[in-house]
Every structure is written in structure tokens, then in C-alpha cells.
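Since the structure comes first, as C-alpha cells, the remarks are kept for the end.
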Amino acid sequence: LVVRMKRVAIFGSTGAIGRRTLEVIAHLQPGFRVTALVANRNVAEVARQARELKVRYAAVADERNLPELEQALRGTGIRALAGETGMNEIAASRDTDIVVMALAGTQGLSPTLVALEQRKRVAIATKEIIVAYGDFVMAQAKRSGAEILPIDSELSAIHQCLHGCERSEATRREATRREATRREVSRIILTASGGPFYRRRDLSRITVKQALNHPTWDMGRKITVDSATLMNKGLEAIETARYFGIEPNRIEVLIHPQSIVHSLVEFRDGSLLAQLALPDMRLPIQYALTYPQRLPRLVAETRLERLGPLTFSAPDLKRFPCLGLALKALRQGGVKPCVLNSANAVAVEAFLDGGLKFTQIPEVVAWALRRFEPEGALTLDELRLHESVARDLTLGRCRAMGRNHR
Ligand SMILES: NC(=O)c1ccc[n+]([C@@H]2O[C@H](COP(=O)([O-])OP(=O)(O)OC[C@H]3O[C@@H](n4cnc5c(N)ncnc54)[C@H](OP(=O)(O)O)[C@@H]3O)[C@@H](O)[C@H]2O)c1
């Protein structure tokens with residue numbers, strides 16, 4: 001058996017997912033090698049990683065940081081790149097087999113599409129790209145026959161329930177798989193930890209520090225706040241619909257505070273399949289890199305007898321309106337998911353900067369959504385324009401609300 005070394009480009013290498021991807025790749029030696037790294041502003045860290053791993057390319061999404069990156073890499077022979085052009089060059093490079101997309105926000109859309117067009121595997125953590133542009137991303141994967149594997153633990157769980165034991169090329173074919181999923185799956189149940197405030201009655205005085213203290217997962221700041229508002233689960237519902245081609249009314253959410261069952265699939269014969277493991281993102285990252293193979297684990301053993309009871313309950317949409325807003329945007333379709341995503345990103349940033357109260361996040365998102373009609377089929381450029389209009393409108397709204405709040 002000849003196993004070819006897989007060369008990986010990590011977009012977002014300085015973030016929580018990026019750093020864990022580096023750990024997984026170190027564990028998977030000698031089968032995987034990092035060839036390119038992309039960050040945004042943390043030049044010192046991406047340059048340090050690049051020198052240590054002797055990669056071919058290092059890049060910054062924000063072009064203003066290129067001179068600093070070039071300076072930090074002087075004399076190493078590592079090419080410094082920047083912006084969308086630089087990221088696209090990495091995504092298209094012959095030195096890359098797998099692109100791990102873990103940049104915050106939607107800045108990674110273009111390199112994701114380029115990598116798929118070049119028939120490279122994309123292991124995607126950035127749910128915002130699928131939420132806002134999922135139809136385009138999935139269509140590109142279908143056109144070129146490229147594989148796109150989810151890293152989000154819930155989507156990975158669903159993927160594992162549906163395809164985790166398949167070995168043959170034929171059953172991995174996207175068309176066959178989507179058709180079977182539509183025919184045989186009656187419900188997809190996404191689990192949510194509920195975040196740090198699920199048991200709390202009054203959410204009006206939540207501080208940034210409290211919101212960043214997640215009970216079961218250690219993640220970047222934006223997704224941690226999204227988990228606390230339950231917007232994260234709403235984004236995942238949209239991501240699930242887009243990724244698996246499942247109708248919105250077949251997607252449900254359950255609160256499961258222990259974060260052991262990462263999601264479930266119910267089939268039409270009444271069987272429920274679930275994927276279980278201790279909460280550790282290195283497992284879904286490894287699965288997305290090695291699928292369809294299962295390689296030895298890096299994560300701790302899950303001993304169910306040592307865990308307490310596993311509990312499940314229906315979500316409270318009254319106290320956590322973000323989830324309801326996302327589910328409605330999913331049902332309405334068109335530009336709504338893209339607008340929801342864009343407005344939420346701005347509102348969370350404003351909350352993290354102290355310019356908005358926790359409870360104002362859903363107010364701002366609902367306000368932005370009311371400003372847009374769902375609209376029919378749009379081109380990618382039209383959708384990108386809607387995203388930026390939604391961002392500007394929401395910024396203005398946050399500034400106005402922030403003035404009253406401060
Ligand atoms: N963390 C998790 O457990 C988890 C689980 C599932 C899905 N995800 C998804 O994975 C993505 C990354 O999450 P994370 O927790 O790793 O986030 P994070 O720790 O905040 O890292 C974000 C990464 O993106 C870069 N970045 C930040 N702002 C950017 C911008 N405006 N444009 C381009 N790049 C930017 C950062 O670079 P600098 O360091 O240079 O600023 C960093 O490399 C998110 O979409 C999240 O929803 C995360």
C-alpha cells in the first residue's frame with residue numbers, strides 16, 4: 001500500500017481551531033505536512049509557526065500586515081503573501097492537497113471556492129461561510145467533484161452517523177449520498193450545551209467576561225458569545241440544511257449540557273444514530289483530515305461509566321431569541337441567512353467592545369433582518385453586496401444604540 005503524504009494549508013492557524021489542527025497534524029506524522037499558514041493580524045505568531053514548520057507560504061488576510069510579515073520572514077525563504085489574492089494563490093497551489101478553513105468570518109470565501117474548484121479537499125470550520133454562501137460553496141464542490149468535510153463538531157457527528165463507516169468510493173459520491181440522505185433521514189437533531197447562561201433567569205446584566213466563560217468548550221471569542229446567545233446553534237441549523245441538503249423542518253435542536261452526544265440522525269425506520277465523545281475539537285479535525293480512514297486517536301478515552309447522567313431538553317426560544325431568529329431566517333431563505341450572519345457578527349463585536357448589552361444582540365439582528373426581503377435567486381456578487389450593506393446598516397444601528405447604552 002502506497003500512502004501519499006497529504007500537504008495541508010491552514011487558514012486561521014493562530015486561532016483556536018488552527019492551533020488544534022497543528023496538534024492533530026503533529027500527531028498524524030509522518031502522513032501529513034503543513035505547507036502554508038494564514039492568519040489575520042497576529043504576525044508574530046504566524047511567522048513563528050512558519051519558521052518552526054518550515055512551510056512554503058505564510059499569509060495575512062489583512063494586507064496592511066504584509067510589510068511586517070515580510071520583515072519577520074526575511075532570510076527564511078518562506079514566501080509572504082497577503083489579502084484575497086495571496087490566499088487564493090495558496091488555495092490554488094500545487095503544494096496543497098487539503099485546505100483547512102478556520103478563519104473567523106467570511107473572509108475565507110474566495111480561497112474556499114478556489115480550493116474546491118481545484119478539486120482539493122476542504123475541511124471547513126468556518127460555519128459563517130456555509131451559512132451565508134452555502135449554496136455556492138456546495139454547488140462548486142459538486143461541479144468539480146471536490147470533497148468538503150465539516151469540522152464543526154455537530155456537523156461532523158451527523159457526517160459520521162451518515163457516512164462514518166463507508167469505505168467504498170461509490171458510496172462517497174456526493175450525488176448518491178445526498179439522494180440517500182434525503183430519502184432515508186427523517187430528522188436531524190443538533191445538540192447544544194446551552195452555554196453559560198442556560199439556567200440563569202435574568203440575562204440583562206451579563207458581562208463580556210461572563211459570556212466568554214463557556215462551560216464545556218474552549219473556543220475563539222466570537223463563537224463563544226454565539227454559544228451563549230444560542231445563535232451558534234441557529235447558525236449550525238442553517239449550516240446543516242445547506243451542507244446536507246436537508247429541509248429546514250427536519251432539523252431540530254436539543255439542549256444537552258454535558259456536550260457528550262454531538263448530534264443525532266433519525267432514520268425513517270425509527271432508528272436514531274448518535275456520535276459520542278468527550279468535547280475535544282481535535283477529534284472532528286482529525287476525522288475531516290483522514291476521512292474515510294480512521295487513524296489512532298489523540299483525544300482522551302470517553303468512559304461513559306465515569307460520566308454523570310446525560311440529559312436532553314427542548315430549547316427555550318423566549319429567553320434565547322437568537323435561535324428563533326436563525327431558524328426563521330433558514331425557513332425564509334434567500335438573503336436572510338446571509339443578513340442574519342452579517343448582522344450578528346457586527347452585534348457580537350459591539351458587545352465584546354462594550355458598546356452593546358448582551359440582550360441587545362438579538363434586538364439588533366432582528367432589526368437588520370426586518371430591513372431585507374428574502375428575495376429569490378441571487379448571484380454571488382449580489383449576495384456579497386447584501387452582506388456588506390447589512391454590515392454597514394448594523395454598524396450604524398449599534399453605534400446609535402451604544403450611545404444610549406454607555
Ligand atoms: N473554536 C471552536 O471550537 C470552533 C468549533 C466549531 C467551529 N468553529 C468555527 O471556526 C472558525 C474559527 O474559530 P476559532 O474559535 O478558531 O476563532 P479564533 O480563535 O478567534 O481564530 C480566528 C482565526 O481567524 C483569524 N481572523 C480573525 N479575524 C479575522 C478577519 N476579520 N479576517 C480574516 N481572518 C481573521 C485570526 O487571525 P489572527 O490571530 O491573526 O487575528 C485567527 O487565525 C469560526 O468560524 C468558528 O465559528 C470553531
Side-chain angles (χ1 to χ4, degrees), residues 9-24 36-50 58-66 68-69 72 82-84 86-87 90 100-112 122-134 149-157 159 190-193 195 212 214 216-229 231-236 238-240 243 259 262-263 279-285 287-288 299 341-342 344-346 348-349 352 387-388 391:
I10 306 176
F11 286 69
S13 63
T14 50
I17 292 291
R19 280 182 276 114
R20 292 202 176 95
T21 305
L22 290 171
E23 285 178 40
V24 171
L37 297 166
V38 183
N40 190 44
R41 273 191 293 217
N42 195 345
V43 173
E45 179 60 7
V46 76
R48 190 197 63 73
Q49 294 172 338
V60 273
D62 188 336
E63 270 164 327
R64 289 169 300 184
N65 300 321
L66 181 60
E68 196 187 334
L69 182 65
E84 195 163 289
M87 294 196 287
I90 291 174
V100 172
M101 178 48 65
L103 288 176
T106 52
Q107 296 283 334
L109 171 66
S110 183
T112 300
V122 173
I124 188 159
T126 311
K127 63 192 83 188
E128 290 87 349
I129 292 177
I130 304 287
V131 168
Y133 299 104
L149 271 289
I151 286 182
D152 222 335
S153 58
E154 293 75 3
L155 271 86
S156 176
H159 193 282
L190 296 170
T191 53
S193 70
L212 289 178
H214 195 276
T216 47
W217 294 100
D218 171 21
M219 310 177 286
R221 285 156 62 90
K222 194 255 174 187
I223 184 176
T224 305
V225 175
D226 283 345
S227 297
T229 61
M231 179 60 94
N232 186 45
K233 214 46 54 181
L235 296 177
E236 283 167 11
I238 301 172
E239 194 187 9
T240 299
Y243 182 86
S259 298
H262 297 301
S263 281
D280 186 332
M281 286 308 295
R282 293 175 303 177
L283 175 50
I285 292 169
Y287 176 82
V299 301
N341 181 60
S342 180
N344 178 59
V346 173
V348 170
E349 195 61 42
L352 287 168
E387 180 185 19
S388 93
R391 185 188 307 121

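Numbering of ligands and ligand atoms starts at 1, following listing order. Just so you know, residue 1 is the first one in the sequence shown, and it goes up from there.
With hydrogens and angles ignored, the 3.5 Å screen pairs a side-chain donor or acceptor of N40 with a backbone N or O of D62. Within the 3.5 Å criterion, the main-chain N or O of L155 finds no donor-acceptor partner in the side chain of D152. At least one donor-acceptor pair closer than 3.5 Å links the side chain of T126 to the backbone N or O of M101. Using modelled atom types, one side-chain atom of T224 and one backbone atom of G220 make a donor-acceptor pair closer than 3.5 Å.
Of the N or O atoms in A16, one or more lie within a sub-3.5 Å distance of an N or O in ligand 1. Ligand 1 has no nitrogen or oxygen under 3.5 angstrom from a nitrogen or oxygen of R19. Residue-to-ligand polar distances keep D152 apart from ligand 1: every N/O pair is separated by 3.5 Å or more. Ligand 1 has no N or O atom lying under 3.5 Å from any N or O atom of D218, backbone or side chain. Here's the thing with S153: none of its N/O atoms is less than 3.5 angstrom from an N/O atom of ligand 1.
The shortest heavy-atom distance from G105 to ligand 1 is not under 4.0 Å.
Shortest contact from atom 47 (O) of ligand 1 to any protein heavy atom: K127 CE, 3.4 Å. Ranking the protein heavy atoms by distance from atom 1 (N) of ligand 1 puts M219 CB, 3.3 Å first. The shortest contact between atom 21 (O) of ligand 1 and any protein heavy atom is with G15 CA, 3.1 Å. The nearest heavy-atom contact from the protein to atom 12 (C) of ligand 1 is A102 O, 3.4 Å. For atom 46 (C) of ligand 1, the nearest protein heavy atom (residue, atom name, distance) is I223 CD1, 3.9 Å. The protein non-hydrogen atom at the shortest distance from atom 32 (N) of ligand 1 is Q107 CG, 3.0 Å.
Heavy atoms of E128 found under 4.0 angstrom from ligand 1 belong exclusively to the side chain.
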- Task: Go through the steps for Q107 and F11 under the test side chain to side chain contact (heavy atoms under 4.5 Å, CB included), then give the verdict.
- Result: CA-CA 10 Å; Q107 296 283 334; F11 286 69; over 6 Å; no
- Message: Run K127 and N232 through side chain to side chain contact (heavy atoms under 4.5 Å, CB included) and show every step you take.
- Response: CA-CA 9 Å; K127 63 192 83 188; N232 186 45; 2.5 Å; yes
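For ligand 1, the atoms lying closer than 4.0 Å to a non-hydrogen atom of G220 are 1 (N), 15 (O), 17 (O), 18 (P), 19 (O), 20 (O). For ligand 1, the atoms sitting less than 4.0 Å from at least one non-hydrogen atom of A125 are 7 (C), 8 (N), 9 (C), 10 (O), numbered in the order shown with element in parentheses. Heavy-atom contacts of A61 reach the following atoms of ligand 1: 33 (C) (cutoff under 4.0 Å). The R41 neighbourhood of ligand 1 comprises atoms 38 (P), 40 (O), 41 (O), with distances under 4.0 Å to a heavy atom of that residue.
One finds the NZ atom of K222 at 8.0 Å from the CE atom of M231 (value rounded to the nearest 0.5 Å).
Selection from T126, I10, T14, I151 by nearest heavy atom to atom 42 (C) of ligand 1 gives T14. By heavy-atom distance, the residue among M281, R221, R282 lying nearest atom 5 (C) of ligand 1 is M281. Comparing I17, N40, T106 against atom 25 (C) of ligand 1, the shortest heavy-atom distance belongs to N40. Comparing G12, S227, A44, A104 against atom 22 (C) of ligand 1, the shortest heavy-atom distance belongs to A104.
Shown here for A72 and A47, the closest heavy-atom pair between the two residues is CB-CB, 3.7 Å. What you find for V46 and T14 is that their closest heavy atoms are N-CG2, 3.9 Å.
The side-chain contact (heavy atoms from CB on, under 4.5 Å) with I129 is formed by just one residue from the set I124, V122, L103, N341; it is I124.
Q49 and S13 share a donor-acceptor pair across their side chains, judged by distance under 3.5 Å alone.
Atom CZ of R41 sits in a sparse spot, with 12 or fewer heavy atoms from other residues, nucleotides or ligands closer than 6.0 Å.
Taking the six-membered ring for Trp and thresholds of 30 and 60 degrees, W217 and H262 have ring planes inclined between 30 and 60 degrees apart.
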